[in-house]
Amino acid sequence: MKNITYLLLAIALISCQQEQQPKEYAVIYGTIKNPSVDLNLRLYDPIASESFMVEVAPDGTFRDTLRLADPVMFNAVYENMFNLYLENDMDLEVTFNKNELTKSIAFAGDGAAENQFLLFKNKNNAELMGADYKEYLGLEDEVFERKTEDYIAIVKKELNDNNDTFSQIFIDRQLEALDDFKESITAQHVEQLTINENLSPGKPSPTFENYLNYDGGTNDLNDYLGKYIYIDVWATWCVPCVYEMPYMNKIEKEYANKNIQFIGLSIDDPERDEQSWRDMIVDKELHGTQLLADDQINSQFIRDYYIYGIPRFILLDPQGNIVSYDAPRPSEPRLKELFNSLNI
């Protein structure tokens with residue numbers, strides 16, 4: 001009997017150990033309030049450049065299992081975007097209202113603490129950047145350094161306070177991310193000071209020469225002096241650029257007889273994509289002056305304006321001086337407010 005008892009205990013212990021083995025997958029589930037019809041939750045891994053589509057039922061519920069080679073910081077997209085962290089063995093519940101995602105998102109289950117921390121971190125990052133991140137980047141060195149170090153200290157304290165709650169790999173990655181943030185943001189700060197020096201209002205604008213004109217021939221920036229100049233830097237492959245086009249057409253019609261010239265400046269490849277550029281101008285019924293830059297994003301004019309992403313909008317005065325090197329978009333009401341303030 002004793003041998004049988006020991007055998008049963010051993011089997012029970014082995015069973016418990018097997019049950020306690022971490023799962024080699026992560027589970028994500030939850031409910032979306034006010035879901036969109038036929039819209040699924042997209043989880044994008046920017047490191048591996050891979051996406052997972054989580055099917056969302058008509059009532060807003062979803063559930064999926066992901067086998068992860070490594071822990072992943074996803075860009076989760078459901079009309080709007082939020083960060084989502086998953087490791088194998090997590091069983092994470094996510095709920096939010098689609099109409100107010102940032103305010104309503106909540107986490108529960110295994111992995112909730114890590115994802116709640118991301119909300120805390122993003123909130124403090126938004127406070128650091130302020131309404132216009134360029135103002136933060138352009139602060140004097142001492143003030144910039146103090147604000148940046150204060151932010152890092154707050155985030156590190158939260159990590160330390162939850163040392164027993166967060167997974168160690170999550171803590172290690174967050175500390176590494178803070179080091180990367182400090183290095184990156186300092187480089188951006190140095191660049192912003194240079195931008196403020198070279199591209200502040202009233203400074204002469206960088207120029208371009210011999211850009212191909214859709215209507216024929218080539219043109220220089222100086223050809224358009226005498227009126228305010230609103231430049232739209234775009235490309236056929238840029239989805240946000242295409243989104244702005246109907247708004248640009250509307251603005252151009254409204255200011256057709258005003259003291260302003262509208263220029264669409266494409267950075268498509270002039271050797272490979274000229275026809276695509278011409279086709280889109282026709283397809284989207286673009287007006288104003290349409291030019292094609294000489295060397296895509298490496299064009300000197302683009303580099304002089306420190307343009308790394310598009311669309312970018314630039315406003316110059318009739319003398320060719322800078323009004324705004326990063327002007328409001330046509331879709332933003334404050335563009336017309338800016339035009340009206342200049343009596344355009």
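Between I185 and M129, some side-chain heavy-atom pair lies under the 4.5 Å cut-off. Residues I322 and P201 fail the side-chain proximity criterion, which asks for heavy atoms closer than 4.5 Å. Residues L118 and M73 form a side-chain contact, since some pair of their non-hydrogen atoms from C-beta on lies under 4.5 Å apart. Side-chain contact between S299 and F208: absent, with no pair of heavy atoms (C-beta onward) separated by less than 4.5 Å. In this structure the side chain of P328 reaches within 4.5 angstrom of the side chain of L338, judged on heavy atoms. The shortest distance between side-chain heavy atoms of I344 and N340 does not fall below 4.5 Å. Contact check for W234 versus W277: side-chain heavy atoms found under the 4.5 Å cut-off. Side-chain contact between T289 and F262 is absent, with no heavy-atom pair separated by less than 4.5 Å.
Between the side chain of E93 and the backbone N or O of I28 there is no donor-acceptor pair closer than 3.5 Å. Put simply, the side chain of S104 gets close to the backbone of N97: a donor and an acceptor are under 3.5 Å apart. Checking side-chain atoms of R329 against main-chain N and O of R312 turns up no donor-acceptor pair under 3.5 Å. Side-chain atoms of E274 never come within 3.5 Å of backbone atoms of E271 as a donor-acceptor pair (strictly under, hydrogens ignored). Judged purely by atom type and a 3.5 angstrom limit, D268 uses its side chain to pair as donor or acceptor with the backbone of T236. Between the N162 side chain and the T165 main chain, no donor and acceptor come within less than 3.5 Å of each other. T194 places a side-chain N or O within 3.5 Å of a backbone atom of V190 that can act as its donor or acceptor partner. Panel note: side chain H189, backbone L137; a donor-acceptor pair is recorded below 3.5 Å.
Ring pair F144/Y136: centre-to-centre distance below 6.0 Å. Within the 6.0 Å centre-distance limit, the rings of F96 and F82 are counted as a close aromatic pair. Taking the six-membered ring where the residue is Trp, the centroids of F181 and Y151 are separated by under 6.0 Å. Ring centroid separation for the pair Y247 and Y243 comes in under the 6.0 Å cut-off. Between Y44 and F74, the ring center distance fails the sub-6.0 Å criterion. For Y255 and F339, the distance between ring centers is under 6.0 angstrom. Taking the ring centroids of Y325 and Y306, they lie at or beyond the 6.0 Å cut-off.
When the shell of 6.0 Å around CD of E24 is examined, it contains 12 or fewer heavy atoms from other residues, nucleotides or ligands. Within 6.0 Å of the CD atom in Q168, the count of heavy atoms belonging to other residues, nucleotides or ligands exceeds 12. Heavy atoms of other residues, nucleotides or ligands lying less than 6.0 angstrom from CZ of F120 number more than 12. Sparse packing is recorded around CG of D38, with 12 or fewer heavy atoms of other residues, nucleotides or ligands lying under 6.0 Å away. Under a cut-off of 6.0 angstrom, the local environment of NZ in K258 is sparse, with at most 12 non-hydrogen atoms contributed by other residues, nucleotides or ligands. Within a 6.0 Å radius of OH in Y214, more than 12 heavy atoms belonging to other residues, nucleotides or ligands are found.
In summary, the side chains of N122 and N83 do present a donor paired with an acceptor at a separation below 3.5 Å, with no hydrogens or angles considered. Checking E337 against S341 by side-chain atom types alone, no donor-acceptor pair falls below 3.5 Å. Side-chain contact annotation: Y29 with T61, donor-acceptor N/O pair under 3.5 Å absent. Under 3.5 Å, the side chains of K98 and S36 contain a donor-acceptor pair of N or O atoms. For the residue pair Q290 / S266, no side-chain donor-acceptor distance below 3.5 Å is found, with atom types taken as modelled.
Annotation: the span from M90 atom CE to L66 atom CG amounts to 12.5 Å, rounded to 0.5 Å. For the atom pair CG of D295 and CD1 of I302, the computed distance is 10.5 Å after rounding to the nearest 0.5 Å.
Note: the hydrophobic cluster containing I260 also contains I251 (ILVMFWY, side chain heavy atoms under 4.5 Å, direct or indirect links).
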Let me have the donor-acceptor pairs involving side chains of residues 279-286, under 3.5 Å, with sequence neighbours excluded, atom names and distances please.
from	atom 1	to	atom 2	distance (Å)
D279	OD1	Q275	NE2	2.9

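For the side-chain contact (heavy atoms from CB on, under 4.5 Å) test with L316, the passing option among I231, N321, V323 is I231; the others fail. Here the options are Q116, Q174, E158, the test is side-chain hydrogen bond (donor to acceptor under 3.5 Å, both in side chains), and the partner is K121; only Q174 passes.
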Which is it for T207 and D220 under the side-chain contact (heavy atoms from CB on, under 4.5 Å) test, yes or no, and what are the steps along the way? CA-CA 8 Å; T207 61; D220 307 341; over 6 Å; no
As a quick check of understanding, evaluate side-chain hydrogen bond (donor to acceptor under 3.5 Å, both in side chains) for Y85 and E87, giving each step before the final call. CA-CA 7 Å; Y85 180 79; E87 297 178 16; 2.5 Å; yes
Might you work through the side-chain contact (heavy atoms from CB on, under 4.5 Å) test for I32 and V56, ending with a clear yes or no? CA-CA 8 Å; I32 301 171; V56 179; 4.1 Å; yes
Mind running side-chain contact (heavy atoms from CB on, under 4.5 Å) on D294 and N210 for me, showing each step along the way? CA-CA 8 Å; D294 58 357; N210 299 320; over 6 Å; no
Is there a side-chain contact (heavy atoms from CB on, under 4.5 Å) between F313 and E244? Walk through the geometry before answering. CA-CA 11 Å; F313 297 88; E244 293 293 332; 4.2 Å; yes
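The shortest heavy-atom contact between Q296 and P270 is CG-CD, 4.1 Å. The heavy-atom pair separating L335 from P330 by the smallest distance is CD2-CA, 3.6 Å. Minimum interatomic distance between A235 and C241 (heavy atoms only, all atoms of both residues): N-SG, 3.9 Å. Considering every non-hydrogen atom in both I169 and P71, the closest pair reads CD1-CG, 3.5 Å. Taking both residues in full, the closest heavy atoms of Y305 and S205 are given as OH-OG, 2.6 Å, listed atom of the first, atom of the second, then distance. Closest approach of N88 and K23 over heavy atoms only: CB-O, 3.5 Å.
Between K182 and E145 a salt bridge is recorded (basic side-chain N to carboxylate O distance below 4.0 Å). Ionic pairing of K250 and E254 is not present here: no N-O contact between side-chain nitrogen and carboxylate oxygen is shorter than 4.0 angstrom.
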